[in-house]
Amino acid sequence: MCFVDPVRQCGECSVVSQKEMEFYDRQLKVLMNGATFCISQVSSEKSETFVCRLSNNHRYLFLDGENHYEIEVSRISAVQILTEGFTPGEKDIHTYTSLLESQCITEGGNSRAIGMLLQYKSQGSEELKQMKFTTSEDFNSNKKMSASWLAAMHKAAKLLYEARDQ
């Protein structure tokens, strides 16, 4: 909340402020530093490698590769994290966070983020688009950094969901 001096808060606001502070201290830096992903439109089989990062003003996701794309964060309607369980061959979708509806489902336990489905509307369009992000198999990319970025994005979606739900 950007207060310089200590302020009084009720119990509920204190919990929310604590979650936000932890997010700003830990996950925001990860999102702004970015990570490498193979990204495709769900309607297309073609994928490209992009570095995905949050803009300095926290309002856009920048996708930088051969082309440059900007997705306005406020136009993201759903984030779906794709995970892979520790058992070989066990792939599953464990988490779905809808930012427009009051729906947040979290399942699973010991799993590792391997991708994300992002649903959004382009600027000036009401048509829903969906992009699939998967951790890159490229040796130059860092899978651990990509998994950390996905975890931070999931926490950001949960914070937005909780803020809209109140």
Run the ring pair (Phe, Tyr, Trp, His ring centres under 6.0 Å) test against Y69 and tell me which residues pass, sequence neighbours left out. F50

Answer yes or no: is there a side-chain heavy-atom contact under 4.5 Å between Q123 and E72? yes

Between L150 and K155, is there a side-chain heavy-atom distance shorter than 4.5 Å? no

Can you tell me how far OG1 of T135 sits from CZ of F37, rounded to the nearest 0.5 angstrom? 7.5 Å

Q41 to Q130 - nearest heavy-atom pair and separation: OE1-O, 3.3 Å

Using a 3.5 Å distance criterion without hydrogens, assess whether the side chain of R75 forms a donor-acceptor pair with backbone atoms of K121. yes

Interatomic distance, CG@D64 vs SG@C52, rounded to 0.5 Å, equals 9.0 Å

With the side chain counted from C-beta on, respond yes when V79 and Q119 share a heavy-atom pair under 4.5 Å apart, and no when they do not. no

Same cluster or not: I81 versus M145, using hydrophobic residues (I, L, V, M, F, W, Y) connected whenever any side-chain heavy atoms lie under 4.5 Å apart? no

Just jot down the ring pair (Phe, Tyr, Trp, His ring centres under 6.0 Å) partners of F62, sequence neighbours excluded, or say none. H68

Would you mind writing out the side-chain donor-acceptor pairs for residues 21-30 within the sub-3.5 Å range, not counting sequence neighbours?
| from | atom 1 | to | atom 2 | distance (Å) |
| --- | --- | --- | --- | --- |
| E22 | OE2 | Q18 | NE2 | 3.2 |

So E66 and T49, do their side chains get closer than 4.5 Å, heavy atoms only? no

Less than 4.5 Å apart, side chain to side chain, heavy atoms only: is that true for M153 and M116? yes

Do L82 and K132 make a side-chain contact, defined as non-hydrogen atoms from C-beta onward lying under 4.5 Å apart? yes

I need the minimum non-hydrogen distance between W149 and A35, along with the two atoms involved. CB-CB, 3.7 Å

Would you tell me whether S40 and E48 have side-chain atoms, one donor and one acceptor, within less than 3.5 Å of each other? no

Looking only at heavy atoms, the pair that brings L63 and F133 closest together is CD2-CE2, 3.9 Å

Between the side chain of S14 and the main-chain N/O of C10, is any donor-acceptor distance below 3.5 Å? no

Given V16 and Q9, is the side-chain contact (heavy atoms from CB on, under 4.5 Å) satisfied, shown in steps? CA-CA 10 Å; V16 171; Q9 291 182 313; over 6 Å; no

With no hydrogens and no angle check, do the side chains of E127 and S125 hold a donor and an acceptor under 3.5 Å apart? no

Are any non-hydrogen side-chain atoms of L31 and H58 less than 4.5 angstrom apart? no

With heavy-atom distances below 4.5 Å as the criterion, would you say the side chains of I39 and S47 are in contact? no

